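Single-structure report; data block below.
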Amino acid sequence: DAGITQSPRYKITETGRQVTLMCHQTWSHSYMFWYRQDLGHGLRLIYYSAAADITDKGEVPDGYVVSRSKTENFPLTLESATRSQTSVYFCASRPEYPTQYFGPGTRLTVL
Amino acid sequence: SQQGEEDPQALSIQEGENATMNCSYKTSINNLQWYRQNSGRGLVHLILIRSNEREKHSGRLRVTLDTSKKSSSLLITASRAADTASYFCATDASSSNTGKLIFGQGTTLQVKP
């Protein structure tokens, strides 16, 4: 089925561990985005990508790393997870400016 | 920094009533969108209004934009229980049209059957 998927949907990890959240889209949209959603903050942009091998920082990039070797995949890595990174993470792609399609989210808990 | 501030934070109405939620923002924008988020789900695009537009309709949705007041409102008419969700405004103020969106904190709408 066409769409945008995220994996895992739920993840519990410990402080200091590396975690990678996966995002895959089947439409071949050029732009992809990563957000985190926290109570009291709404959604905040972490990183975005305009195309394969082109990425840029958003509002809250510290502690995160992204890569985009293929158009359809946009993984987000927490190099050394901290409790403050406990959040719900959403990936999105853009079919046409400026609308975005969102994935179902990954709920991450860092103990 | 939050571009959009939404009001009210929570709204509870009866089925059949209209629901109005408001969004204010701080800087000049290219466009403004409204998204819906059902509990535990991702966001779904509802409607887009561009900076040179004042009002748009889509089904039971009506969006207005007042750039002089830097505010927008979303009206849902004849609400249904299925409209229960959180609603977010999102603004695009990027100079390069990258489409980097800034979201408000959202309005949680409960529609009672």
Side-chain angles (χ1 to χ4, degrees), chain A residues 3-10 21-25 27 29-51 54-61 66 68 74 87-108, chain B residues 1-10 21 23-27 29-53 56 58 63 65 72 85-108:
Chain A
I4 184 164
T5 58
Q6 294 185 235
S7 62
R9 294 293 315 278
Y10 302 90
L21 309 184
M22 304 301 294
C23 178
H24 175 79
Q25 51 120 346
W27 296 295
H29 296 157
S30 295
Y31 275 85
M32 296 186 75
F33 305 83
W34 272 107
Y35 296 89
R36 60 178 289 174
Q37 184 176 32
D38 305 287
L39 281 174
H41 289 281
L43 277 82
R44 292 180 290 175
L45 181 65
I46 305 170
Y47 269 95
Y48 69 101
S49 169
I54 301 175
T55 62
D56 205 351
K57 296 177 181 179
E59 182 184 354
V60 288
V66 293
R68 193 156 176 218
F74 190 34
S87 187
V88 182
Y89 291 85
F90 288 98
C91 176
S93 68
R94 195 178 87 185
E96 60 179 7
Y97 172 81
T99 303
Q100 294 184 17
Y101 289 169
F102 283 79
T106 293
R107 185 174 294 274
L108 176 68
Chain B
S1 61
Q2 291 296 318
Q3 166 77 309
E5 297 291 336
E6 296 186 57
D7 169 59
Q9 290 190 334
M21 49 205 87
C23 169
S24 61
Y25 55 91
K26 298 175 184 175
T27 64
I29 60 172
N30 302 315
N31 53 71
L32 184 146
Q33 302 175 67
W34 286 89
Y35 286 80
R36 184 187 75 230
Q37 184 180 34
N38 290 90
S39 181
R41 301 288 191 92
L43 279 73
V44 175
H45 177 260
L46 292 176
I47 194 166
L48 161 72
I49 187 164
R50 302 188 189 280
S51 59
N52 61 352
E53 297 175 313
K56 284 193 78 171
S58 177
V63 171
L65 180 64
S72 173
S86 293
Y87 293 81
F88 296 87
C89 66
T91 54
D92 172 21
S94 58
S95 56
S96 56
N97 286 352
T98 56
K100 290 164 58 177
L101 300 180
I102 300 178
F103 285 82
Q105 295 183 24
T107 293
T108 299

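Quantities reported herein were computed from a predicted structural model and do not represent experimental measurements.
- No donor-acceptor contact under 3.5 angstrom links the side chains of B:Y35 and B:Q37, judged on distance only.
- Remark: side-chain polar atoms of B:T91 are not paired, donor with acceptor, to backbone N or O of B:L32 under 3.5 angstrom.
- Contact check for B:S58 versus B:L46: no side-chain heavy atoms found under the 4.5 Å cut-off.
- Each of A:Q6, A:Q37, A:R107 has some count of heavy-atom pairs under 4.5 Å with chain B, and the biggest count is that of A:Q37.
- Heavy atoms of B:L43 lying under 4.5 Å from chain A belong to its backbone as well as its side chain.
- Heavy atoms of other residues, nucleotides or ligands lying less than 6.0 angstrom from OH of A:Y101 number 12 at most.
- With a 4.5 angstrom heavy-atom cutoff, B:Q9 does not touch chain A via any of its atoms.
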